[in-house]
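Read the numbers this way: they start at 1 and go in the same order the structure lists the ligands and their atoms.
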Amino acid sequence: MNKPITSGSLDLLNFDNRYVRELPGDPIRENSRRQVAGACFSYVTPIKVRAPQLVSYSPEVATLLEMTPEMCQSDQFLQVFSGNALATGMEPYAMCYGGHQFGNWAGQLGDGRAINLGEIVNSQNQRWVLQLKGAGPTPYSRTADGLAVLRSSVREYLCSEAMHHLGVPTTRALSLIETGELVERDMFYNGNPQDEPGAIVCRVSPSFIRFGNFEIFASRGENTLLQQFLDYTIQTDFPHLGKPGRETYLEWFREVCRTTAELIVHWMRVGFVHGVMNTDNMSILGLTIDYGPYGWLEDYNPGWTPNTTDAHGKRYCFGNQPHIAQWNLVQLANAIFPVINDKEGLGEALDTYRQTFQQGWADCIAQKLGLRKYIAETDEQMANELFDIMNSVETDMTIFFRKLADFDSQEASDRPDPLALFKDSFYRSEQLTPDYRERLSAWLTRYRMRLQQNGIPDVQRKAEMNRVNPKYVLRNYLAQLAIDKAEKGDYSLVNELLDLLRNPYDEQPHREKYSEKRPEWARNRPGCSMLSCSS
Ligand code: AMP
Ligand code: MG
């Protein structure tokens with residue numbers, strides 16, 4: 001353990017592949033698509049690719065893994081993280097899991113295009129699982145090809161790093177590599193398949209276990225395996241809970257409820273819409289996982305979803321996320337019931353979600369508004385009215401909250417134009433009717449009174465608000481611009497955005513343009529406002 005890293009070879013990394021060592025695997029080694037019963041994973045080998053090219057890597061993630069810049073810039077890095085080679089200690093495998101998709105039990109899903117390379121334990125004793133997304137088929141690939149395209153890989157790579165720097169729990173991304181292969185995709189499932197450049201992201205997380213890992217064993221009645229898997233999860237990822245047992249199981253479920261609630265509060269704070277909150281896309285650690293047709297709210301609209309597949313039901317729209325997370329936790333509770341056999345205990349533990357979310361959201365509102373403390377009697381109604389106002393005309397959520405920090409709590413309320421402060425956040429000037437102006441003015445008057453009672457000096461309030469209301473997010477059209485360039489072989493904007501989003505709460509005057517509202521050309525452009533699961 002804990003070998004010092006002295007040179008540029010990935011073979012020096014310390015792998016400790018506990019998942020494959022301690023859990024039962026699929027005895028069949030053949031990489032054919034099938035149901036895999038009685039096992040937690042299947043060994044698979046990534047396929048080889050023709051001409052890998054490094055688009056970008058994240059130095060922060062490399063540091064976590066104790067990889068030197070020399071390692072990251074080596075040919076070995078390119079070969080290993082494109083799936084062409086294995087470093088010493090890697091034992092590639094795909095995980096078996098199931099899931100509820102759009103509210104229905106979908107049976108076995110599994111890592112259909114994700115291949116775990118192994119687990120690095122660094123000198124801080126932190127465990128990091130490395131996973132290639134798009135490195136070829138596995139037994140869980142069903143009818144698909146196991147590959148990923150550059151477009152979706154840029155989106156996953158940039159967004160996972162952006163989320164981390166925003167302070168939102170997430171899986172990370174080490175690298176983004178173009179494979180030099182073409183991948184056929186019918187982007188809108190409308191009979192227009194196109195060849196697109198292929199790519200592979202190396203995702204990094206302490207664990208990739210999902211709610212669906214538990215569901216698959218429960219659905220098959222594999223209760224011994226279910227318990228073994230639960231014990232493994234607690235011992236590996238929740239060691240602070242102590243020895244697995246009846247009480248520990250409930251405590252564990254409470255913790256999953258709590259971290260999930262905290263995650264959703266963060267998503268709502270920054271205006272993130274996951275887009276596909278199926279139970280197989282819910283991390284047991286409360287991390288944002290599986291970046292697919294996600295999107296960022298531009299104009300504040302709780303009914304918005306970027307996912308065209310969900311355009312009718314809007315199951316996974318922004319405003320529904322808190323409810324869906326709870327629904328998913330109920331599925332997890334059902335799955336582990338055979339081990340715990342305590343309906344009441346599970347029900348009570350589930351309530352942790354509601355309580356944590358309620359408290360977390362109240363605290364979040366207070367922070368977003370710069371209030372010392374959330375006072376339900378006055379602030380709930382005040383916040384609801386603000387969100388209604390924002391929803392009544394197209395208002396950029398990110399810009400609006402950022403501007404609100406500049407609001408002068410001392411100025412007289414007869415200021416000539418109360419809207420002037422927010423002018424950059426409005427998408428349609430024709431919507432700014434006299435009624436609207438009056439409503440916003442009334443709200444601002446009320447907010448001013450509340451701030452005066454709050455008693456935090458404006459300068460300090462502004463600094464505090466700007467620590468929770470980001471200036472820069474990965475606007476949907478920005479990601480698309482980076483993709484357009486990358487598809488032409490120019491990776492500069494991918495790297496520029498990666499750098500921009502390292503400091504999302506800071507003013508970056510030379511990069512002001514990235515904080516501006518979505519330009520009109522992007523309103524209805526695919527990739528900017530509409531995304532499908534095709535990736
Ligand atoms: P998702 O909706 O992306 O979370 O995917 C749901 C399931 O489909 C997971 O089991 C994925 O591994 C699998 N899947 C998605 N895309 C592909 C693909 N291109 N090839 C193989 N499996 C895939
Ligand atoms: Mg998934």
Side-chain angles (χ1 to χ4, degrees), residues 31-36 40-42 44 46-47 49 83 92-116 129 131-153 155-156 159-160 170-171 173 179 181-187 189 193-201 203 205 207-216 219 273-285 287-295 305-310 313 315-316 324 328 331 531-535:
N31 191 352
S32 61
R33 291 136 206 252
R34 57 205 149 79
Q35 293 293 310
V36 177
C40 302
F41 67 92
S42 305
V44 276
I47 52 168
V49 300
Y93 63 96
M95 291 161 86
C96 179
Y97 54 81
H100 280 83
Q101 297 185 312
F102 294 93
N104 303 304
W105 175 242
Q108 177 182 295
L109 296 167
D111 287 334
R113 58 154 161 190
I115 298 180
N116 301 276
V129 186
Q131 180 178 87
L132 299 183
K133 183 169 177 179
T138 75
Y140 310 97
S141 297
R142 294 176 293 160
T143 58
D145 56 11
L147 304 175
V149 294
L150 182 59
R151 156 174 67 81
S152 64
S153 306
R155 286 169 47 81
E156 163 132 15
C159 201
S160 36
T170 179
T171 61
T179 58
E181 305 281 345
L182 291 174
V183 174
E184 194 182 81
R185 285 290 180 269
D186 185 356
M187 201 196 319
Y189 305 118
Q194 307 252 322
D195 278 344
E196 296 190 41
I200 296 177
V201 169
R203 304 157 128 189
S205 175
S207 163
F208 286 101
I209 294 175
R210 303 138 190 274
F211 292 8
N213 287 81
F214 299 88
E215 288 182 277
I216 191 72
S219 79
V273 190
H274 182 284
V276 206
M277 287 177 73
N278 293 332
T279 54
D280 54 305
N281 293 339
M282 297 293 291
S283 149
I284 211 69
L285 294 176
L287 306 174
T288 314
I289 191 173
D290 275 17
Y291 291 88
Y294 69 82
T305 173
N307 184 356
T308 48
T309 317
D310 191 26
R315 177 179 173 88
Y316 298 140
I324 292 292
N328 288 340
Q331 308 318 310
L531 293 142
S532 75
C533 289
S534 161
S535 57

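Those atoms of ligand 1 that come under 4.0 Å of a heavy atom in Leu109, given as number and element, are 10 (O). Close approach of ligand 1 to Asp290 is summarised as follows: ligand atoms under 4.0 Å from at least one heavy atom of the residue are 4 (O).
Here the shortest heavy-atom pairing between Val276 and Cys533 reads CG2-SG, 4.4 Å. Of all non-hydrogen atoms in Ala144 and Arg33, the two that sit nearest each other are O-NH1, 2.5 Å. Of all heavy-atom pairs between Thr171 and Ser160, the closest is O-CB, 3.2 Å. Here the shortest heavy-atom pairing between Phe211 and Ser283 reads CE1-O, 3.6 Å. Scanning all heavy atoms of the two residues, the minimum distance from Pro293 to Leu531 falls at CB-CB, 3.8 Å.
In terms of polar-atom proximity, defined here as any N/O pair under 3.5 Å, Gln101 makes no such contact with ligand 1.
Protein heavy atom closest to atom 4 (O) of ligand 1, with residue, atom name and distance, is Asn281 OD1, 2.9 Å. Considering only non-hydrogen protein atoms, atom 12 (O) of ligand 1 sits nearest to Gly112 N, 2.7 Å. Among all non-hydrogen protein atoms, the one lying nearest atom 3 (O) of ligand 1 is Arg113 NH2, 4.4 Å. In terms of protein heavy-atom proximity, atom 18 (C) of ligand 1 is nearest to Ala144 CB, 3.4 Å. Nearest protein heavy-atom neighbour of atom 5 (O) of ligand 1: Asp280 OD2, 4.5 Å. Scanning all protein heavy atoms for the shortest distance to atom 8 (O) of ligand 1 gives Arg142 NH2, 2.6 Å.
With a 4.0 Å cut-off on non-hydrogen atoms, Arg185 touches ligand 1 through its side chain and not its backbone.
Within 4.0 Å of atom 20 (N) of ligand 1, at least one protein heavy atom is present.
Taking the N/O/S atoms of Asp290 in turn, the shortest distance to the Mg ion (ligand 2) belongs to OD2.
A 4.5 Å side-chain heavy-atom check between Leu147 and Glu181 finds every atom pair outside the cut-off.
Note that Arg155 lies outside the cation-pi zone of Tyr291, set by a 6.0 Å cut-off to the ring centre and a 45° limit from the axis.
Listed for the Tyr93 side chain is no donor-acceptor partner under 3.5 Å among the backbone atoms of Cys40.
A salt bridge links Arg203 with Glu156; the closest basic N to acidic carboxylate O contact falls under 4.0 Å. Under 4.0 Å is where a charged nitrogen must lie from a carboxylate oxygen, and between Lys133 and Asp111 no such pair does.
Ligand 1 lies less than 4.0 angstrom from a heavy atom belonging to Gly110. Taking 4.0 Å as the cut-off, Gly146 counts as a neighbour of ligand 1 on heavy-atom distance.
Within the 2.8 Å limit, Asn281 places at least one N, O or S atom next to the Mg ion (ligand 2).
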